[in-house]
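Note that the structure is a prediction, hence the values are computed from the model and not measured.
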Amino acid sequence: MFYPVSGRLSLALLLLFVAAPLYAQPTPSDDEVQARMQAQVEASLERLDLTEAQRPLVRPILEATFAERLAVMKAHGLDPATMNADNRPGRRTLRRLSKDMNRVRKETDAQLREVLTPDQMETWQTLEEERQAQTRAQMRGRG
């Protein structure tokens with residue numbers, strides 16, 4: 001049974017599973033996780049349509065963001081590689097996770113605003129919304 005969650009918890013779900021579409025069963029090795037995170041970074045860089053001057057500035061921000069999100073999930077005892085509708089975390093875990101992930105999101109947005117144009121920031125927000133939709137589908141067992 002799926003329980004509706006507040007907007008903040010929805011954001012936590014997005015951030016919780018941001019890397020989840022990158023993972024496949026069985027649990028990937030560290031090298032596979034790294035390769036998939038790099039693929040996610042590359043896809044984001046492509047969608048942002050960066051200039052040559054922006055690319056070396058944005059890449060480390062995104063790499064650090066994806067790595068930090070994964071670290072936050074692991075710190076809360078969560079593994080995006082095995083998360084699905086049958087074993088989603090409890091509300092307390094999601095609340096704690098939400099607080100930490102919101103901090104990561106705010107830091108990332110602040111860093112990206114210094115480099116990206118307003119249109120590119122809009123694209124970044126769209127990418128984040130798409131990841132959130134993927135997470136919701138996965139949590140409902142449809143992803």
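- The CE atom of M101 sits 10.5 Å away from atom OG1 of T108, with the distance rounded to the nearest 0.5 Å.
- Contact of the L112 side chain with the T65 side chain is not registered, since no non-hydrogen atoms from C-beta on lie closer than 4.5 Å.
- The distance from the CH2 atom of W124 to the CG atom of L116 is 9.0 Å, given to the nearest 0.5 Å.
- Side chain of Q54 to backbone of T51: a donor-acceptor contact under 3.5 angstrom is found.
- Within the model, atoms CG of L50 and CG of L62 stand 8.0 Å from one another, a figure rounded to the nearest 0.5 Å.
- In summary, the side chains of T126 and E129 do not present any donor paired with an acceptor at a separation below 3.5 Å, with no hydrogens or angles considered.
- Of all the heavy atoms in P56 and P60, the pair that sits closest is O-CD, 3.1 Å.
- Contacts classified as salt bridge (charged side-chain N to carboxylate O under 4.0 Å, His left out) and involving residues 39-49 (residues at least two apart or in different chains) are given here: E42-R59, R47-E130.
- With hydrogens and angles ignored, the 3.5 Å screen pairs a side-chain donor or acceptor of Q120 with a backbone N or O of T117.
- E122 is linked by a salt bridge (charged side-chain N to carboxylate O under 4.0 Å, His left out) to nothing, counting only residues two or more places apart in sequence or in another chain.
- A salt bridge links D109 to R105: at least one charged side-chain nitrogen sits closer than 4.0 Å to a carboxylate oxygen.
- F66 and Q40 get closest at one heavy-atom pair: CZ-CG, 3.6 Å.
- Looking only at side-chain heavy atoms (C-beta outward), H76 and R96 come within less than 4.5 Å of each other.
- Distance check: I61 CD1 to E114 CD gives 7.5 Å after rounding to the nearest 0.5 Å.
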CA sep, side-chain torsions, deciding dist, call: M121, R113, side chain to side chain contact (heavy atoms under 4.5 Å, CB included): CA-CA 7 Å; M121 273 307 293; R113 275 193 186 90; 3.8 Å; yes

